[in-house]
Protein chains: 2
Amino acid sequence: MKTKAIFYHAGCTVCLAAEQNIASAIDRDRYDLEIVHLGTQKEKIGDAKASGVESVPALVIDNKPFHINFGASLADLG
Amino acid sequence: MKTKAIFYHAGCTVCLAAEQNIASAIDRDRYDLEIVHLGTQKEKIGDAKASGVESVPALVIDNKPFHINFGASLADLG
């Protein structure tokens, strides 16, 4: 069974760089990767917060949040 | 040819979580991953700084730095 990974972003430049370099480097044979744009999928902001995400870009792996550099605060997206 | 990826850490708790979740998720078929402990390999601090690393844990992919959460500043390791 694959480990769940969710990459949260908001379309910002910092987000795009993280998606192209970090998210794309994930082994898809072992991880089920979902890409969520919180700017357009605002209904997912609650899920992100529940996983401990405070800013984007962030990668949630196995329900643990990892903030990658800093693009925007979740508080500014809601 | 594989893309070069370097995971810089300093043995801290935040570093360990990032190593176990982010670094270990990288597709080793496509990426040549090197793990560097800057606390014990201080001679590599210069390389890390040259790649733009300011804190650990950090992942440098294709020579671009991505800071993951925050464990320690590079300035405190030198």
Side-chain angles (χ1 to χ4, degrees), chain A residues 1-38 45 47-77, chain B residues 1-38 45 47-77:
Chain A
M1 181 168 154
K2 295 186 183 184
T3 302
K4 181 73 182 172
I6 308 173
F7 179 74
Y8 288 105
H9 72 106
C12 57
T13 308
V14 173
C15 295
L16 196 66
E19 183 176 350
Q20 289 174 341
N21 290 279
I22 303 284
S24 72
I26 289 177
D27 185 352
R28 303 292 283 261
D29 288 339
R30 295 184 290 128
Y31 292 81
D32 173 23
L33 177 65
E34 183 184 357
I35 309 275
V36 175
H37 188 320
L38 289 178
I45 290 179
D47 291 348
K49 282 183 178 169
S51 295
V53 173
E54 295 173 4
S55 63
V56 286
L59 192 57
V60 172
I61 292 190
D62 207 13
N63 214 35
K64 290 184 281 290
F66 296 92
H67 300 91
I68 301 166
N69 289 344
F70 181 82
S73 169
L74 236 62
D76 294 329
L77 300 174
Chain B
M1 181 169 153
K2 295 186 184 185
T3 302
K4 181 74 181 172
I6 308 173
F7 179 74
Y8 288 106
H9 73 107
C12 57
T13 308
V14 173
C15 294
L16 197 65
E19 183 175 351
Q20 290 174 341
N21 289 279
I22 304 283
S24 71
I26 289 177
D27 185 352
R28 303 292 284 261
D29 288 339
R30 295 184 290 127
Y31 292 81
D32 173 24
L33 177 66
E34 182 184 357
I35 309 276
V36 175
H37 188 319
L38 290 177
I45 290 179
D47 291 347
K49 284 183 179 169
S51 296
V53 174
E54 295 173 5
S55 63
V56 286
L59 192 56
V60 173
I61 292 191
D62 207 13
N63 213 35
K64 290 182 281 290
F66 295 93
H67 301 91
I68 302 166
N69 290 344
F70 181 83
S73 169
L74 235 63
D76 294 329
L77 300 174

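Computation of the quantities below employed the complete heavy-atom set of this structure, encompassing side-chain atoms and omitting hydrogens, waters and symmetry-equivalent molecules.
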Next on the checklist: Please identify, among A:Thr3, A:Val14, A:Asn21, the residue contributing the most non-hydrogen atom pairs under 4.5 Å to chain B.
Outcome noted: A:Asn21
Checklist entry - Could you state the interatomic distance from CD (A:Gln20) to CD1 (B:Ile61), rounded to the nearest 0.5 Å? => result 12.0 Å
Checklist entry - If you check every heavy atom in residues 47-59 of chain A against those of chain B, which residues fall under 4.5 Å? => result A:Leu59
Next on the checklist: Strictly less than 4.5 Å between heavy atoms, which residues of residues 24-33 of chain A line up against chain B? Please order them by number.
Outcome noted: A:Ser24, A:Ala25, A:Ile26, A:Asp27, A:Arg30, A:Tyr31
